[in-house]
Amino acid sequence: MRGPTRSHAGPIARREKMAPTKEAMPALPISVSVRLRSWRMMARSGGMEKVEKKQEKRESHARKSDEVDQILKEFNGFNLVAHNFLISANVDCGSLDEARRLFDEMPERNEVSWTALISGFMKYGRVKESIWYFQRNPFQNVISWTAVISGFVQNGLNFEAIKHFQRMLESGVMPNNITFTSVIRACTDLGDFGLGMSVLPLIVKVGFEDNVSVSNSLITLNLRVGEIELARRIFNQMEKRDVITWTAILDMYVEMGDLGEARRIFDEMPERNEVSCSAMIARYSQSGNAEEALELFCQIMQDGFKPNTSCFSSVIKALSSLKGLQAGKIIHGHVVKLGIERDLYVSSSLIDLYCKCGKTEDGRLLFDSIWEKNVVCWNSMVSGYSLNGLIEEARELFDQIPKKNNVSWNTMVAGYLENEQFDKVFEVFNEMLLSGETPNKSTFSSVLCACASLASLEKGKNLHGKVIKLGIQYDIFVGTALTDMYAKSGDIESSKWIFNRMPKKNEITWTAMIQGLAENGFAEETLTLFDEMRRTSSVAPNELILSAVLFACSHCGLIDKGLWYFNSMEKVYGISPNERNYSCVVDMLSRSGRLSEAEEFIKSMPFQPDASAWAALLSGCNTYADERIAERTAKTLCKLAEKKSGGYVLLSNIYASAGRWIDVLNTRKLMKEKGLKKSSGCSWVEVRNQVHLFNSQDGTHSQSAEMYEILELLKSEMLAL
DNA sequence: TTAGGGTTAG
């Protein structure tokens, strides 16, 4: 039989009911005690899989139970210590009902019996039952109070934990180091720095300010709320430090963005264990330093360290970002060999790995092989489908998720965005709201991005209002999405307003703003902001930023500056200029009349120049009336038009913009002869959150007849005036 | 009775 919350081997002592005797309770022999303890330790350290394997080799589960029964019989059927051990052993294996049965049967219980059951219920999320026993517990000492407080914290009920801490103090029981550790953890999880630090005077009063566990939890509290200096001060003041202190301090440097220093600490740590190793690998992996994560993993393997499941899940994550399918398969082999493929962290990251490497079917096979899937497995598979363009499969699976969380919704929203089905983005977003799930930073950044793609200012403004209500408008992801949305919708002032108030900006934030300014024609501001970025931030210019800068230089007439930026792209920033960048330079030179230079520049391009480069030159030829170059350029454009479908339309447009109307007519004539049709233009307008499309050739809009009627009416009224 | 580490969305 399986327990309610995880797989278990079943109750340990299925014994017949014995008549308990209260008198004559000799102490349990040490050998028995040790044997029971080792059983318990085994259950604890390795989980039931390990226990089951060991049992297969040595003795059957039933025999072990018989052995325990035998021991109990030897001691007149009842021994308090043995019973307590049995309760703990059952708790460790998740057989809570058997633990309770044993407890209820006991003729006499001590504080250990009570605490074992109370903490046992807490451990498996059965909070109400835990409290029921706690309230009836005659031994409400510091240990059982602490068991309840830490139990609340484990179950995410942090306010309850604090409340019980207050009640404990009111009842006159003094906290110990473990109580303080649990209470500080509750404050950390609540993100309440003030509350956490308000416990400090009591810690000093009771004399635990030098305790390693208490200091460790205080360091973590400070790091979580960004009080890095205070965390460092606590660390410096500690006389004794353990492996947990050192692991926590790794986080401090990661928080400061100094992974190099974190690695130095890791290398110099006086003591390392599998947790500190997995912490370092995870930090590399989470910060996008996949190669380092992989290297460290290999190194600790070479050093003979046995990686745990955390190491595996982090290294698989690193491999999926590197698209390391082959290495991933090797790791998968190790995982199977070690029998840890059932770990949900490992299997979820493996699904992600296969999908990120384009092996969606392999990901699905793995997904189907998992018996007890959690929501992360589902989300990983949904995400896998959508990133491989299988958005319908993603939606189908999404609909089957038994208990969706906000990541499930965000995955689906992001999936539609990635697959450019913007109307679906809003549809799922609305479904999400209706389901009662609260959107978060991730949701808003995706939905705002959809608004930016549609240049849908009304929807974007509406979402901005929601974002303000949640107080997340200057978050790096949301702020960037808002900056981009306003810029793409043409509201550059609002875009600048958000950008200027963002406390932290990354490469994408700067790109959105610089590109936004350039595309909205604010050339000088583009260049000023680019200079500011170089002076004040550590962000390196990327291809998009430099394209925007070139575009701005071209529009400002800053030819030499533009050429200087163009030349520095490869030399200084290591970015190979693309066709767009080359065309931009051609445009720049042509606009300023340096036509021969522009023509030479086109010829020097490392790839086949596209129509836009020649078009820019032709436009310049028209402005500066250079017939010779114009003729050559027009011929080349004609050849290009023949090669490409739709080339004539482009050519005709180019001639039109260059004012060469005879050539326009000739091109159109040529198109007619070849039986080509000009594609129709269209425009759209957004009314009450709905985008209405208008086609220039056919009246596709359902209400076009009514619209024309109203137009006629307006016309006649205007004429009457 | 406790503190440090892991997977999926942006």
Rounded off to whole Å, could you give me the [atom1]-to-[atom2] distance for the [X] and [N] pair?
| X | N | atom1 | atom2 | value |
| --- | --- | --- | --- | --- |
| A:K441 | B:dG10 | NZ | C1' | 11 Å |
| A:Y354 | B:dT7 | OH | P | 18 Å |
| A:N176 | B:dA3 | CG | P | 13 Å |
| A:I331 | B:dT7 | CD1 | C1' | 15 Å |
| A:D475 | B:dG10 | CG | C1' | 9 Å |
| A:E372 | B:dT7 | CD | P | 22 Å |
| A:N440 | B:dA9 | CG | C1' | 8 Å |
| A:N410 | B:dA9 | CG | P | 11 Å |

Query raised in the report: How would you list all residue pairs meeting ring-ring contact (aromatic ring centres under 6.0 Å, His included) that involve residues 264-286 of chain A, not counting sequence neighbours?
Result: none
Contact class for [X] (heavy atom, under 4.0 Å): base, sugar-phosphate, or nothing?
| X | answer |
| --- | --- |
| A:D242 | base |
| A:S348 | base |
| A:Q286 | sugar-phosphate |
| A:K356 | sugar-phosphate |
| A:V243 | base |
| A:S310 | base |
| A:S383 | sugar-phosphate |
| A:A282 | sugar-phosphate |
| A:S213 | base |
| A:D343 | base |
| A:N405 | nothing |

**Report entry** Any side-chain heavy-atom pair of A:L202 and A:L169 under 4.5 Å
**Finding:** yes
Query raised in the report: Does any N or O donor sit under 3.5 Å from an N or O acceptor when you compare the side chain of A:D251 with the base of B:dG4?
Result: no
Query raised in the report: Is a donor-acceptor pair below 3.5 Å formed from side chain A:S278 to base B:dG6, judging by atom type as modelled?
Result: no
Between [X] and [Y], does any side-chain N to carboxylate O distance fall below 4.0 Å?
| X | Y | answer |
| --- | --- | --- |
| A:K163 | A:E160 | yes |
| A:R100 | A:E129 | yes |
| A:R395 | A:E431 | yes |

**Report entry** Candidates B:dT1, B:dA9, B:dG6 - which lies nearest the side chain of A:S313
**Finding:** B:dG6
Query raised in the report: Nearest of B:dT1, B:dT8, B:dT2 to any side-chain atom of A:K317?
Result: B:dT8
Looking at [X], I'd like to know whether one of its side-chain N or O atoms comes within less than 4.0 Å of OP1 or OP2 on [N].
| X | N | result |
| --- | --- | --- |
| A:S446 | B:dG10 | no |
| A:K404 | B:dT8 | no |
| A:Q154 | B:dT1 | no |
| A:K123 | B:dT1 | no |

Query raised in the report: Would the A:F134 and A:W145 ring centres measure less than 6.0 Å apart?
Result: yes
Report task. For A:D192, enumerate each residue passing the side-chain contact (heavy atoms from CB on, under 4.5 Å) test, keeping only those at least two apart in sequence or located in another chain. Result -> A:L190, A:L195
